[in-house]
K.L.:
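Can you keep this structure in mind? I'll have questions shortly.
By convention in this document, chain letters (A, B, ...) are assigned in the order of the sequence lines, proteins followed by strands, and residues within each chain are numbered from 1. Everything numeric here is computed off the predicted structure, so don't read it as measured data.
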Amino acid sequence: MSKVNTVLGTIPAEELGVVAVHEHIGYGMPGSELDSKWWKTPEQRYEETVPKLRAFHEYGGGTFVDVTGICNGRDVDYYKSLSAKTGVHIVACTGFVGGDTALPHFARASVDYLTRQFVSEITVGIGDTGSRAGVIKVGVSRGGRMTELDKRIYRAAARAALTTGVPIMTHLAIDAETAIAIFSEEGLPLDRVLFGHADDGVNAEKTRDTWIAEQGGRVGFDTFGYETELEDPPFWARPRKERLDHFLRFIGQGHLDKVLASADANCSPLGWPGVKGHTVNYVFEDLIPDLREAGVDEATITTIFVDNPADFLTIRT
Amino acid sequence: MTDARTAPSRSVNTVLGPVPADDLGVVSVHEALLSVVPGAEHAYDITIDRAEVFEVLAKKLTDFRNAGGGTIVDSTGMFYGRDVRLYEALSRSTGVHVVASTGMGPEEMLGGYFLTPQTNPPTPWPAERFADLFSQEVSEGMVVPRVERRGGAGLVATTATREGMTATDESLFRGAARAARDTGVPVSIRFGADAVHDLEVVLSEQLPADRVVVGGLDRRDAVDAGAPLEVARRGAYVALDHVGSDSVDRDDDDAHLTDRERAALVVELVQAGHADRILLSSNAIGVAVGQPAYDLPFSHVCSTFVPFAKSLGLSDEDARRILVGNPRDLLTVR
Ligand SMILES: [Zn+2]
């Protein structure tokens, strides 16, 4: 049986539909909750979020994977209500966006403890929500190289992935040699790992995307829409055509089965202004039309947005 | 600053609002009510039962009150489990005044929002931003994160890294000092490697020395360096705030003086003319989450330690000054 953990329970992978594999309902760095400049009323949060999820659903979107890590404002009860009311499946994660988003309790923890944390959130539930995590988030701290804490988190994630069958998603795919060494040492097949943000404006040049695919890893072009053409682009933005060409080139090199795509947007950001005009629906409003225009056929589009994510997200037992 | 129309003229910010400074009674300036290591609230193996926490804390506060205590200062800052609404309920039900603090530190205890912000490069926060954050907690109220603000903080508390102040610790110290200077509440500093150096950092922000309490001055290395006397000479408050540490079983318990040595230090400071600069506290933790318990009655200072110090020659008048007068002067909003 093919199963995926969503915030409302286990569903068959066949039900996932079109998946936005790397998204955020709302993201904030740990501590941002103390700064009232970012606070929003619950009305405002629902008002910013619900129409985006409803549009996503109407466009044919099936599943929204929220990869907001443990200390970044992940709010599973809220996700449950959003999912139930909009009909969008929401997958929540365990893990951390990077060592620099793990608060002291976890930053001081051993690999064993971190493993137990992840396994518990995947098999028992996140906090007292009863919702089980469907993916494990890990990532590279700011600075370009994996820190000692990042490495501890990667190793714990590998062990939790092996124990539970849930896959791993990374924030950034730089320093991939170090990451792959850890996954190999732990005996985790690399198709259980999505190396994310291979396409962002700051890191694309430094990311060995084809090498990762050759090792068997999956590669995420998952910051689609963070474009220099935006009114107020973030520092990781990239010219639209450059990213699209990069994506098409990668697929053209025979790596279609390894690729996943998403927009990494915030429905309602928690601790930063967000990026005006950028939503998860970039996938439907811009990306898929761009792919069609570039001559990509429907079967390929289905592979990217339906089959690959289903294969990736299915709990491997 | 507290609202001049409603605040008594000489008042202290408590979780239930401004209270006349003369009503505080016996004060313990460096204690922790609910203390949660940042992140522990998300741990799979930790549950925090508020009703249970309340029951434990209420019992400890009642015991403190029965021993003659009047006011507990929770000096753990804004990011170590501070629960303002719980403290309001505790204060209402036990009659003990509770002063809560804003501030953060040391660097290791900060969230990534302050250390690696979403900017390129990810430059840690400068002093000015910390000053604004802490000042708002005094003038507009302490945060219940992402929900609301409650009463104003009664002091700004910060701590330096034990091995020595880092650049971010220095920003925290300067920000805390500016917030204290601008709002009129005092600042509490727990030094890193060098008490006098760390004090000088906050004093260099034009904060009068009598608005500063330096914690941890009963640490052996500080005592060996003569820091308690030096801090008092500069006019800051000297907190001997590990009272009872030798009666609690901890790995680091020889890092601090024994109560016998501490009492002798109190007498020595009084004899040197600094009775008006001494504060006593125990850094007890009411409920510890994600860390070992540090289970000492909040009443230890007034029930056990002060009688002992009196037996070594501390006068009743000086004892009263240390327990009541000094903390009142420190906490009074200027
Ligand atoms: Zn992301």
K.L.:
Within residues 68-82 of chain A, which positions have a heavy-atom distance to chain B below 4.5 Å?
P.N.:
A:Ile70, A:Cys71, A:Gly73
K.L.:
Under a 4.5 Å heavy-atom cut-off, does chain B meet the side chain of A:Phe96, its backbone, both or neither?
P.N.:
neither
K.L.:
Using only non-hydrogen atoms and a strict under-4.5 angstrom cutoff, which residues of residues 152-169 of chain A touch chain B?
P.N.:
none
K.L.:
Taking all non-hydrogen atoms of both residues into account, name the closest pair between A:Leu34 and B:Val143 and its distance.
P.N.:
O-CG1, 3.9 Å
K.L.:
Does any heavy atom of chain B fall under 4.5 Å from the side chain of A:Gln117, the backbone, both, or neither of them?
P.N.:
both
K.L.:
Using non-hydrogen atoms only, which part of A:Ser120 is less than 4.5 Å away from chain B: side chain, backbone, both, or neither?
P.N.:
side chain
K.L.:
Applying ring pair (Phe, Tyr, Trp, His ring centres under 6.0 Å), can you list everything that pairs with B:Phe114, at least two apart in sequence or on another chain?
P.N.:
B:Trp125, B:Phe130
K.L.:
Indicate the atoms forming the closest heavy-atom contact of B:Val37 with A:His105, along with that distance.
P.N.:
CG1-N, 3.8 Å
K.L.:
For A:Arg142 versus B:Pro121, what's the shortest heavy-atom pair and its separation?
P.N.:
NH2-C, 4.3 Å
K.L.:
Heavy-atom distance under 4.5 Å to chain B: side chain of A:Tyr113, backbone, both or neither?
P.N.:
both
K.L.:
Of the backbone (N, CA, C, O) and the side chain (C-beta and beyond), which part of A:Ile126 lies under 4.5 Å from a heavy atom of chain B, both, or neither?
P.N.:
neither
K.L.:
Please give me the minimum heavy-atom distance between B:Tyr113 and A:Lys37, naming the atom from each residue.
P.N.:
OH-CD, 4.3 Å
K.L.:
So if I take each residue of residues 228-238 of chain A and look for any heavy atom under 4.5 Å from a heavy atom in chain B, which residues do I end up with?
P.N.:
A:Phe235
K.L.:
Testing the basics here: between A:Leu103 and B:Gly111, what is the closest heavy-atom pair and its distance to 0.1 Å?
P.N.:
CD2-CA, 3.7 Å
